[in-house]
K.L.:
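Can you read through this structure? Questions will come right after.
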Amino acid sequence: MKYEPQAGAVKLTMLLSGTVFLLMMIFGLVLRASQGNFIELDPAIFYQILTAHGAGMVGSAALSGGAIMWYFVGKYTKLNPVIYWLFLGLFLAGVVLILGSVFIGEYGGAWTFLFPLPAISGGAWGVEAAVIFCLGYVLIGVGFLLYYLEMGYRIGKKYNGFSGALGWRYIVNGDLEKAPPPTVIAAASVIIFNSTGIIFGAIVLVASIVNLLLPEFAVDALLAKNAIYFFGHVFVNATIYMAVTAVYEIIPEYTGKPWKTSRLFAIGWALVVVFVQLVYFHHVLQDLVMPAWMLALGQIMSYASGIPLIGITTFSLCVYIKGSGMKWDLTSKLLVLSVAGWTIGSIPAVIDGMIAVNKVMHNTLWVPGHFHTYLLLGEVAMAFGFSVWLVRGKAKKTANNLLERLTFNIYALGGFGFILVFLWSGASSIPRRWAVHLEEWHFHSQIGTVFAVGVVLATAVLVMIYTAGLVRRETKK
Amino acid sequence: MQSSILIITLALMALVAGVFLFVVMSKNSAGTAAKHNKIRYQLISLLVIAGVIISVVSLRYGSHALASSDAVVINVVGGQWWWEIDRETVPLNKEVEFRITSEDVNHGMGIYNSDFQLIGQAQGMPGYTNKLVMVFDKPGTYQVLCLEFCGVAHHDMINEFEVVAAE
Ligand code: HEM
Ligand SMILES: [Cu+2]
C-alpha cells in the first residue's frame, strides 16, 4: 500500500455512525409502533422524533459514506488528516446543535425544514430552536465542503487535473492506462454534484436563518422549496454514491477480479453528475405552478438516473460474482445485498417519479417505502459490510457462523418486510408523516413494527460484531 | 389505479431480486468479456427504448390537466390547521378547478373518495395558487386530508365536501 489511509479515524467514524444508525432505528421503531397504536405518543413528541430520525439517519448515512470514501481514496493519494478531523469535528458539533434544537428546543419541523414552517410553528417551538437547527446543518455542510475541497484538490493533482480524475478526459481519448480507478471517478463525480447541492442548501439555510431573525426579510416559498429539494435529493443520493466505493474496492478481494475502469464506467458516472442534479423536480410534481417542462424533466430524469445504476454498477457486480465461487461471509453478503437493495429500491422511486403515479402516491407512505429500500437495504448495508471488513478483512475462520447467518437473514428479511408494508400502505393511500393514524390503518403499522423489531435486533448484533472486532484488533496490537 | 401500480412495482422488484438470486446461486461463470459487453449494451438499449416509450405515453396521458373555460371554480385555502373550501357541494361529471393556496406554511390538498382512496392532490403554498382540475364521476362524500407536513396538528387537517348530481 502506497499510503496509509486514516484507519483509526475511519474506524472511530464507523463506530459512531453504526451506533447512531442503531439509535435512530429505535426511534423509527417507536414512530411505527405509535402509528400502529401499540404505544401512545404526544403528536409534538412524534414529530420531534420524526425530525431527529430523518436528520439523524441522513446525517449518519452521509458520515459513514464520507468515511468510506475517504478511506479508499486515501489508498490512491495522500489526504490531509487534519481536514478529516475538522470534518468529523464540525459534523459532531452540528449533531449536537440539531439534537439540542429538537429535544431541548422542541423543534419538530422535519429534516427538510421546508420554508416557512421553521418560522411558523403554531406555537410548538421557538424561533431560536429553528435557528439552531439550521446552524447545525450549516456546520455539517461546511465540514463536507472542506472535505470535498481537500479531496478534489488532491485527486486533481494526482490525475492530471479534475477532468482527469473524473475520467472525462479518458472518455474522449480512450487512453485506458492513465484512467483513474473507479473509486476516484466516483469521488470526483460526488465532489462536483454534492458540493453544488450543499452550496444551494447553505444559501437557503442562510436565507431561512435571516428570515427567522428578521421576519421582514421575505423568502419566496416556491424558490425555497426548489432549493431545499435540490439540496436534499442530491445530498441523500451522495451518501450512496460515496459508500458504493466499498463495493468497488472490497468485492474484488472476494472474486479475485479487479473492478476496472472502462469507458462506459466513466460515461456512466458523467451522466450521474448531470442526472442527479436535474432529477429533484420529481419532488415538486404537485406544485402545479411550476412550468410543465420542468415537471416532465423531473419524470424523465428519474427514469434516466436508473440506467447508469443498472447498466454499470448492478450489471458489473452481477458479472463479477456470477460463478466466481466467492466466499459468502457477512461482508460479502451485506455488500451484495446493498447493491440489490439500491437497485430494487430505485424501482418504486422511478415509478413514483411519473406524474400520473405521483398524483396518487406523493406524500403517502409509498415514499418512505422506496427510500427506506435504498437506504436501509442499500447505504446502511454498505456501511456495515465495510465496517465488518475493516476489523476483519476477508473472513477466514469465523466466516458463516450461525449468529452471523442469522443476523444477516433477519436484517434482510426484516428490512424487505418493513419496506413492503410501507409500499402497501402507500398504495392504500395512507399519508406519510401522520402522527396519528386512523383505526383502519393500524394493522399496516403493526405488521411494519414487527418487521422493524427484527431489523433493530439484527442491527444491534451488527454493531456488537463490529465493536468486538475493534476491541480484538486493538488488544492484539 | 393504486393496486395496478403496486402490482407492477412488486413484479419489477421481484424480477431484479430474482436476477440477483440467480447470479448468486449460479455455479457457471459469466463467460467472456465480449459476451458481457454485448448483453450490457442490449440491456442499456432496452432500458433506453422502454424509457422513451413509457415517457412519451405517460406524459401524454398522465400530465396535469388544464381547465376549460366553463369549469366550476372552487377556492381552497389551507392554514394551520384547517381547510377552507368555498363550496360544500361539487357537481357530478363536471370539470372542476380547485384553486389552492395557503395562509401560512405549505400544505397539501389530498382528495380522498368515499372508499378512502386518494384520487388527486396538489400543494397549497403561501403566495401561490395551484390549479387542480378534476372530474368526479361518483357522488358521495369526499375527504380532504393534508398531505404536506405543516406542523404539530398536520394529521388533524381534515375537511370534506359532497359530490352531487347537478340539478
Ligand atoms: C428499523 C429501521 C427503521 C425504522 C423502523 C424506520 C421507521 C421510520 C418511520 C416510521 C418513518 C416515518 C414514516 C412516516 O412518514 O409516517 C420514517 C421516516 C424516515 N426514515 Fe426511517 N426507519 C428505519 C430506518 C431508516 C434508515 C436506515 C434511514 C436512512 C439511512 C431512514 C431514514 C428515514 C427518513 C429520511 C425519513 C423521513 C423523515 C421525514 O418524513 O421527515 N430510516 N422511518
Ligand atoms: Cu399538513
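Quick caveat: nothing in here was measured; it's all calculated off a predicted structure. Throughout, protein chains are lettered first and strands after them, A, B, ... in sequence-line order, and every chain is numbered starting at 1.
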K.L.:
If you tally heavy-atom pairs under 4.5 Å against chain B, which of D42(A), I321(A), I307(A) wins?
P.N.:
I307(A)
K.L.:
Chain A: which of L15(B), V19(B), L12(B), N37(B) shares the most heavy-atom pairs with it under 4.5 Å?
P.N.:
L12(B)
K.L.:
Please flag which part of I100(B) lies under 4.5 Å from any non-hydrogen atom of chain A: side chain, backbone, both or neither.
P.N.:
neither
K.L.:
So what's closer than 4.5 Å to chain B heavy atoms on L295(A): side chain, backbone, both or neither?
P.N.:
side chain
K.L.:
Using non-hydrogen atoms and a 4.5 Å limit, figure out which bit of F115(A) sits close to chain B: side chain, backbone, both or neither.
P.N.:
backbone
K.L.:
V336(A) versus chain B, heavy atoms under 4.5 Å apart: side chain, backbone, both or neither?
P.N.:
both
K.L.:
Among the options G122(A), G341(A), S429(A), G325(A), pick out the one with the most heavy-atom pairs lying under 4.5 Å from chain B.
P.N.:
S429(A)
K.L.:
Please report the shortest heavy-atom distance between A356(A) and M1(B), naming the atom on each side.
P.N.:
O-CE, 3.3 Å
K.L.:
Check the surroundings of atom CD in E439(A): do more than 12 heavy atoms from other residues, nucleotides or ligands lie under 6.0 Å from it?
P.N.:
no
K.L.:
Quick check for you: to the nearest 0.5 Å, what is the distance between Y47(A) atom OH and H155(B) atom NE2?
P.N.:
5.0 Å
K.L.:
Side chain, backbone, both or neither: which part of Q117(B) has a heavy atom under 4.5 Å from chain A?
P.N.:
both
K.L.:
Does any N or O in the side chain of K359(A) come within less than 3.5 Å of the main-chain N or O of S63(B), such that one atom is a donor and the other an acceptor?
P.N.:
yes
K.L.:
Could you tell me whether the side chain of Y303(A) and the main chain of I54(B) form a donor-acceptor pair under 3.5 Å?
P.N.:
no
K.L.:
So for F116(B), is it side chain, backbone, both, or neither that comes closer than 4.5 Å to the heavy atoms of chain A?
P.N.:
both
K.L.:
I'd like to know whether L50(A) forms a side chain to side chain contact (heavy atoms under 4.5 Å, CB included) with F149(B), so could you lay out the CA-CA distance, the side-chain angles of the two residues, the decisive distance to 0.1 Å, and finally the verdict.
P.N.:
CA-CA 11 Å; L50(A) 181 72; F149(B) 178 57; 5.6 Å; no
K.L.:
Measuring from I5(B):CD1 to N358(A):CG, what's the distance to the nearest 0.5 Å?
P.N.:
10.0 Å
K.L.:
Specify which of P431(A), G123(A), G306(A), P116(A) makes the most heavy-atom pairs with chain B at under 4.5 Å.
P.N.:
P116(A)
K.L.:
Among D156(B), L145(B), V48(B), which has the most heavy-atom pairs under 4.5 Å with chain A?
P.N.:
L145(B)
K.L.:
Give a yes or no on whether the backbone of E148(B) and the side-chain of R433(A) come within a donor-acceptor separation of less than 3.5 Å.
P.N.:
no
K.L.:
Can you tell me which portion of I158(B) sits under 4.5 Å from chain A's heavy atoms? Options are side chain, backbone, both or neither.
P.N.:
side chain
K.L.:
Would you give the length of the straight line joining atom CG of D220(A) to atom OH of Y128(B), rounded to the nearest 0.5 angstrom?
P.N.:
3.0 Å
K.L.:
Under 4.5 Å from any heavy atom of chain A, what part of A50(B) do you find: side chain, backbone, both or neither?
P.N.:
both
K.L.:
Are the side chains of L10(B) and L420(A) in touch, meaning some heavy atoms are under 4.5 Å apart?
P.N.:
yes
K.L.:
Rounded to the nearest 0.5 Å, what separates atom CG in L297(A) from atom CG in L59(B)?
P.N.:
10.0 Å
K.L.:
Could you have a look at M354(A), R432(A), M290(A), M361(A) and say which one has the most heavy-atom pairs with chain B under 4.5 angstrom?
P.N.:
M361(A)
K.L.:
For the pair H64(B) (side chain) and L285(A) (backbone), establish whether a donor and an acceptor sit closer than 3.5 Å, ignoring hydrogens and angles.
P.N.:
yes
K.L.:
Can a donor-acceptor pair be found, under 3.5 Å and without considering hydrogens, that links the side chain of N130(B) to the backbone of V289(A)?
P.N.:
yes
K.L.:
From I267(A) CD1 over to I44(B) CD1, what is the distance, rounded to the nearest 0.5 angstrom?
P.N.:
9.0 Å
K.L.:
State whether the number of non-hydrogen atoms from other residues, nucleotides or ligands found under 6.0 Å of E440(A) atom CD is greater than 12.
P.N.:
yes
K.L.:
Kindly indicate whether the side chain of L118(B), heavy atoms from C-beta on, has any atom under 4.5 Å from the side chain of H362(A).
P.N.:
no
K.L.:
If you measure from CE on M13(B) to CD1 on I419(A), what distance do you get to the nearest 0.5 Å?
P.N.:
4.0 Å
K.L.:
Of the non-hydrogen atoms in L288(A) and A122(B), which two are nearest, and what is the gap between them?
P.N.:
CD1-CB, 3.8 Å
K.L.:
For K260(A), I'd like to know if atom NZ has over 12 heavy atoms of other residues, nucleotides or ligands within 6.0 Å.
P.N.:
no
K.L.:
Select, from T314(A), T373(A), I351(A), the one with the greatest count of heavy-atom pairs under 4.5 Å involving chain B.
P.N.:
I351(A)
K.L.:
Under the criterion side chain to side chain contact (heavy atoms under 4.5 Å, CB included), I'd like the reasoning laid out for S121(A) against Q80(B): C-alpha separation, chi angles, the key distance, then a yes or no.
P.N.:
CA-CA 9 Å; S121(A) 71; Q80(B) 282 170 327; 5.8 Å; no
K.L.:
Please classify the contact of V350(A) with chain B as side chain, backbone, both or neither, using a heavy-atom distance under 4.5 Å.
P.N.:
neither
K.L.:
In terms of heavy-atom proximity below 4.5 Å to chain A, should T129(B) be classed as side chain, backbone, both, or neither?
P.N.:
backbone
K.L.:
If we ignore hydrogens and angles and just use 3.5 Å, is the side chain of Q299(A) paired with the main-chain N or O of S58(B) as donor and acceptor?
P.N.:
no
K.L.:
What part of L43(B) gets within 4.5 angstrom of chain A, counting heavy atoms only: side chain, backbone, both, or neither?
P.N.:
side chain
K.L.:
List the steps and the verdict of side chain to side chain contact (heavy atoms under 4.5 Å, CB included) for V152(B) and W125(A).
P.N.:
CA-CA 10 Å; V152(B) 72; W125(A) 60 84; 5.7 Å; no
K.L.:
So do N106(B) and L117(A) actually touch side chain to side chain, heavy atoms under 4.5 Å?
P.N.:
no
K.L.:
What part of L132(B) gets closer than 4.5 Å to chain A, counting heavy atoms only: side chain, backbone, both or neither?
P.N.:
both
K.L.:
So, W424(A) side chain and L6(B) main chain: donor-acceptor pair closer than 3.5 Å or not?
P.N.:
no
K.L.:
Does the side chain of H36(B) reach to within under 4.5 Å of the side chain of S316(A), using non-hydrogen atoms?
P.N.:
no
K.L.:
Would you mind telling me which of P43(A), A124(A), A304(A), G426(A) has the largest number of heavy-atom pairs within less than 4.5 Å of chain B?
P.N.:
P43(A)
K.L.:
Where does V52(B) contact chain A at under 4.5 Å (heavy atoms): side chain, backbone, both or neither?
P.N.:
neither
K.L.:
Passes side chain to side chain contact (heavy atoms under 4.5 Å, CB included), M125(B) versus L222(A)? Steps please.
P.N.:
CA-CA 8 Å; M125(B) 197 193 298; L222(A) 187 63; 3.5 Å; yes
K.L.:
Under the 3.5 angstrom rule, does the side chain of Q286(A) hit a backbone N or O of G108(B) as a donor-acceptor pair?
P.N.:
no
